[in-house]
Protein chains: 2
Amino acid sequence: MAHLPRCDSPPFPAVDHDHGRCRSWILQRAEQLCQQQGIRFTPQRQQVLAILSASHRSLGAYDILERMAESTRRPTPAAVYRALAFLMELGVVHRMSGNNAYFACTRTNHQHIMQFWICRRCGVVAETESSTIAQAIPLLAETLEFQTAWVTMEIEGECRTCRTA
Amino acid sequence: MAHLPRCDSPPFPAVDHDHGRCRSWILQRAEQLCQQQGIRFTPQRQQVLAILSASHRSLGAYDILERMAESTRRPTPAAVYRALAFLMELGVVHRMSGNNAYFACTRTNHQHIMQFWICRRCGVVAETESSTIAQAIPLLAETLEFQTAWVTMEIEGECRTCRTA
DNA sequence: AGCTGATTGATATAATATATCATCTCAAAG
DNA sequence: CTTTGAGATGATATATTATATCAATCAGCT
Ligand SMILES: [Zn+2]
Ligand SMILES: [Zn+2]
Ligand SMILES: [Zn+2]
Ligand SMILES: [Zn+2]
């Protein structure tokens with residue numbers, strides 16, 4: 001990520017923000033990560049990420065499948081899930097377990113513990129990293145003598161844009 | 001809940017703890033809540049909660065269905081999901097979206113924001129309420145101008161019992 | 001060209017969850 | 001005691017999400 005600028009769009013960017021910039025950042029980052037790691041960013045994988053990068057909204061796997069079917073031959077579910085697994089492994093797509101949906105990440109240098117803010121009306125997802133929470137969880141874990149492997153934090157509600165509309 | 005003692009079993013209780021106490025607390029609390037609210041705690045609902053209250057582990061809906069089939073006529077999936085929806089609405093069962101599983105709550109006076117600690121080996125779930133986190137989330141929400149409706153916090157890992165075994 | 005491992009295609013199926021309408025039950029009203 | 005009506009359950013079908021398996025293809029290397 002050295003010479004790739006950050007995607008500086010804020011959480012829940014304005015509806016008229018320059019999303020082309022977000023979009024190309026998402027795709028270029030994936031390209032670069034694949035090159036660095038010597039793995040292949042195949043057309044199918046590109047296509048799935050391109051669909052997700054079209055907005056900051058999350059999409060279900062079968063929604064993605066439908067959109068792929070619009071431009072090319074309809075893929076099988078397995079193909080979609082394979083591409084999603086690849087992109088999640090690469091760290092450029094996240095899965096929202098609350099609604100079985102996937103979205104393109106716009107943050108670099110994730111800590112282990114992120115918050116995902118999901119607008120129930122428009123479906124847009126924002127990511128934050130609270131240092132307070134990042135500190136609190138290991139403390140709780142220590143008290144419980146619990147060895148943490150994975151943290152899911154999803155907050156559902158309404159974003160400013162939808163509330164004021 | 002006035003005269004029902006708290007379920008004082010700690011998070012991740014020892015394997016030899018007096019679970020009969022947990023179990024009867026879970027069932028009596030549900031009974032009492034139904035009486036207070038004038039709603040019916042039918043045999044099917046009791047049976048689902050009895051199955052969940054048999055341990056602190058979470059179970060999938062179809063696991064519950066199988067256990068019901070052992071003692072009575074095999075119910076339909078819809079019957080299981082209806083009972084689970086009822087018990088969740090009552091607040092005595094929670095759903096873990098990370099693994100589509102359900103477990104019997106052992107805490108009263110939930111705040112809005114709980115942490116669910118899920119052991120990947122034994123499946124036991126513990127609940128905590130961190131005041132630090134309960135304060136942090138509204139602050140983040142305010143910054144984002146986000147109106148929070150629901151918070152999911154699930155931490156997967158290994159409990160002490162499983163780590164030391 | 002031939003080899004090898006990664007990727008994709010094809011097919012089937014698993015796992016989780018809901019929709020719909022008919023029937024039954026129970027408690028309250030008459 | 002009967003009626004009645006809302007809530008609960010049964011029955012059936014189907015929707016939604018995800019994975020397993022094996023064959024075919026492709027890309028990069030020798
Ligand atoms: Zn954007
Ligand atoms: Zn991210
Ligand atoms: Zn117990
Ligand atoms: Zn609880």
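These figures come from a predicted structure and were not determined experimentally. Lettering of chains follows the sequences in order, A, B, ..., and the numbering in each one begins at 1. No hydrogens, no waters, no symmetry mates; every other heavy atom, side chains included, goes into these values.
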Participant: Given C:dA17, C:dT11, D:dT9, which nucleotide is nearest the side-chain atoms of B:Y102?
Facilitator: C:dA17
Participant: Determine whether a donor-acceptor pair (one donor, one acceptor, N or O, separation below 3.5 Å) exists between the side chain of B:Y62 and the base of C:dA14.
Facilitator: no
Participant: Can you tell me how far P of D:dA18 sits from CG of B:N99, to the nearest Å?
Facilitator: 14 Å
Participant: To the nearest Å, how far apart are B:Q44 CD and D:dA11 P?
Facilitator: 11 Å
Participant: Centroid separation under 6.0 Å, is that true for the rings of A:H56 and A:F103?
Facilitator: no
Participant: Check the distance between C:dT11's P and A:R74's CZ and give it to me in whole angstrom.
Facilitator: 15 Å
Participant: So, does A:R45 get its side chain near the phosphate of C:dT7, meaning an N or O under 4.0 Å from OP1 or OP2?
Facilitator: yes
Participant: B:L65 has an atom CG; how far is it from atom P of C:dT16, in whole Å?
Facilitator: 12 Å
Participant: Hey, which of these two, A:P77 or A:I39, hits DNA chain C nearer its 5' end, going by closest nucleotide?
Facilitator: A:I39
Participant: Would you classify B:F86 as touching base, sugar-phosphate or nothing, given that sugar-phosphate means primed atoms plus P, OP1 and OP2, and contacts are heavy atoms under 4.0 Å?
Facilitator: nothing
Participant: Centroid separation under 6.0 Å, is that true for the rings of B:Y102 and B:H94?
Facilitator: no
Participant: How many Å lie between CD1 on B:I64 and P on C:dA17, as a whole number?
Facilitator: 10 Å
Participant: Name the nucleic acid region contacted by A:R82, choosing base, sugar-phosphate or nothing; use a 4.0 angstrom heavy-atom cut-off, strictly under.
Facilitator: base
Participant: Taking atom CZ of A:R67 as the centre, does the number of heavy atoms from other residues, nucleotides or ligands within less than 6.0 Å exceed 12?
Facilitator: no
Participant: Please classify the nucleic acid contact of B:F41 as base, sugar-phosphate, or nothing, using heavy-atom distances under 4.0 Å.
Facilitator: nothing
Participant: Counting heavy atoms from C-beta on, name the nucleotide in D:dT9, C:dA19, D:dT17 closest to the side chain of B:A78.
Facilitator: C:dA19
Participant: So does B:R40 get a side-chain nitrogen or oxygen closer than 4.0 Å to the phosphate oxygens (OP1/OP2) of C:dA28?
Facilitator: no
Participant: How long is the line joining CG of B:N100 and C1' of D:dT17, in whole Å?
Facilitator: 9 Å
Participant: Look only at the side chain of A:E129 and the backbone of A:I113, and say whether a donor-acceptor pair between them is shorter than 3.5 Å.
Facilitator: no
Participant: So how far is it from B:R40 CZ to B:Q44 CD, rounded to the nearest 0.5 Å?
Facilitator: 11.5 Å
Participant: When we call it a touch if two heavy atoms are under 4.0 Å apart, what does A:T76 touch: a base, just sugar-phosphate, or nothing?
Facilitator: base
Participant: For B:R73 and D:dG10, give me the distance from atom CZ to atom P, rounded to whole Å.
Facilitator: 7 Å
Participant: Would you kindly give the OH-to-P distance between B:Y81 and C:dT16, to the nearest whole Å?
Facilitator: 7 Å
